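Computation of the quantities below employed the complete heavy-atom set of this structure, encompassing side-chain atoms and omitting hydrogens, waters and symmetry-equivalent molecules. For clarity, every value in this text was computed on a predicted model and none was experimentally measured.
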Protein chains: 2
Amino acid sequence: MGSNETTQRITMTPAARRVIEAAERLFYERGIHAVGVDLIAAEAGVTKKTLYDRFGCKEQIVVEYLADRDERWRVFLADHMNAAGPTPAARVLAVFDAARAWAAQHGHKGCSMVNAHAEISDPAHPAYPIITGQKRWMLTLFTDLAGEIAPEQAGRLGRALMLLHEGALVAEGLSIFPDAIGQAREQAQAVLAAA
Amino acid sequence: MGSNETTQRITMTPAARRVIEAAERLFYERGIHAVGVDLIAAEAGVTKKTLYDRFGCKEQIVVEYLADRDERWRVFLADHMNAAGPTPAARVLAVFDAARAWAAQHGHKGCSMVNAHAEISDPAHPAYPIITGQKRWMLTLFTDLAGEIAPEQAGRLGRALMLLHEGALVAEGLSIFPDAIGQAREQAQAVLAAA
DNA sequence: CACACAGTATACCGATCTGTATAGTGAAGG
DNA sequence: CCTTCACTATACAGATCGGTATACTGTGTG
């Protein structure tokens, strides 16, 4: 649950966890191609031998990095939505609140999926379905919530919320204006009120 | 006009132009760090000596790549906006039409500025002001147009249009749903109508 | 006890990376 | 005529890349 079923995963030993944690920090901050496996191993306090015993290749570290982020984001989001109660409008706004809290915790460099996509050209890359899978999942989430508010406009409303959300992550990452996610939340509220 | 004034530019000889053209294609498709200067030189039909005589270092190629894209986008956008006439609402919609036409011409991998930002960690990087400069310029454009429609809401409307626009580029790049830019255009129309 | 297994430490491989050096060509311009 | 300059061709340097090899340690379990 959370990660794509067709994606191959690895055994999560303690050393493997430290590798993922180091990779998440480094990949997100500096980019995937800019970070070498030697650095990841050093930052994780793990030898390259161990790293390759667990992951096999760098590509797999990227896969685990994205799958782990995706998984943690969905748990994080579920917590925020549950705390917001059953009202669909409140749950929509909770998504934006979750995004803001997530950015505060994990850094303001935009969406790791979008950033990874910028560096991955091949659609056959094993990380590809994780990236597109998360985005499609988010669209479904928005569309389902929109359907509880205005069933006959679910598609249009869901896509509008998705556009605002993605735009907010980019604007927040590039610091185009202050509190971009909060601004998007306001706009989402207006869109729902109009429907 | 178009590019940042503080950014250092190079002499555009024919060989330099071919380098930029090759770099634009390769950087956008595969990412900046994934593309080496040897490949750029080969694709441009230029020796590495010439490449380094013109640009000095790879970083400068990145700068010219982004500055050139920015410049060409602004011209492209100006053409579309002028063709749309003087009505501010029509000019706003023309931005989305221009974005759609641009994507059709240049490929659907999202915004090159956003993608470049994913690979550039250091804010002191010479390409940084080009990236943020373009986004701030776009926000000003939207805000100014919004000011002609509803002066007292210019800020909020401008930011809303910006969010929709950035979201559209991401959604288009990741193919989350068909014609994301067109959907954003519709949403922009609704936002303007409500104001 | 023996064995599997997660781990350390270190050295190495071939490829590729950014960037430089050397030598020479062809054309424009005072 | 001779300098300047944009360019080709090729070879190379030093670093770093992803990935492998060898040898060993500690620990828990059948």
For the pair B:Arg17 and B:Asp68, find out whether any cationic side-chain nitrogen is under 4.0 Å from an anionic carboxylate oxygen.
yes

Presence of salt bridge, B:Glu119 and A:Arg30, under 4.0 angstrom
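Between B:Glu119 and A:Arg30 there is no salt bridge, as every charged N stays at least 4.0 Å from the carboxylate O atoms.
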
Heavy-atom neighbours of B:Arg18 CZ exceed 12 at 6.0 Å:
yes

If you count the non-hydrogen atoms of other residues, nucleotides and ligands that lie under 6.0 Å from CZ in B:Arg25, is the total more than 12?
yes

Should the pair B:Trp102 and B:Trp73 be assigned to parallel (<30°), tilted (30 to 60°) or perpendicular (>60°) ring geometry?
perpendicular

Please state whether the rings of A:His106 and A:Phe76 are parallel, tilted or perpendicular, taking 30° and 60° as the class boundaries.
perpendicular

Starting from [atom2] on [N], measure out to [atom1] on [X] and report it in whole angstrom.
X: B:Leu51; N: D:dT8; atom1: CG; atom2: C1'; value: 13 Å
X: A:Arg54; N: D:dG18; atom1: CZ; atom2: P; value: 20 Å
X: A:Asp53; N: D:dA21; atom1: CG; atom2: P; value: 11 Å
X: B:Arg17; N: D:dA6; atom1: CZ; atom2: C1'; value: 17 Å

Below 4.0 Å: OP1/OP2 of D:dC7 and any side-chain N or O of B:Thr13:
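Indeed, a polar side-chain atom of B:Thr13 lies that close.
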
With a cut-off of less than 4.0 Å, is there a side-chain N or O of A:Thr50 near OP1 or OP2 of C:dT8?
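Affirmative; the distance criterion is met.
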
Encode nucleotides 10-21 of chain C as B, S and - characters from 5' to 3', where the letter depends on protein heavy atoms closer than 4.0 Å: B to the base, S only to sugar-phosphate, - to neither.
--------BBB-

B:Tyr128 side, atom OH; B:Thr7 side, atom OG1 - distance, nearest 0.5 Å
14.0 Å

What pair of heavy atoms forms the shortest contact from B:Leu51 to B:Val37, and how long is it?
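Result for this residue pair: CD1-O, 4.0 Å.
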
For nucleotides 26-30 of chain C, give me every protein contact, N/O to N/O, under 3.5 Å, one pair per line with atom names.
none

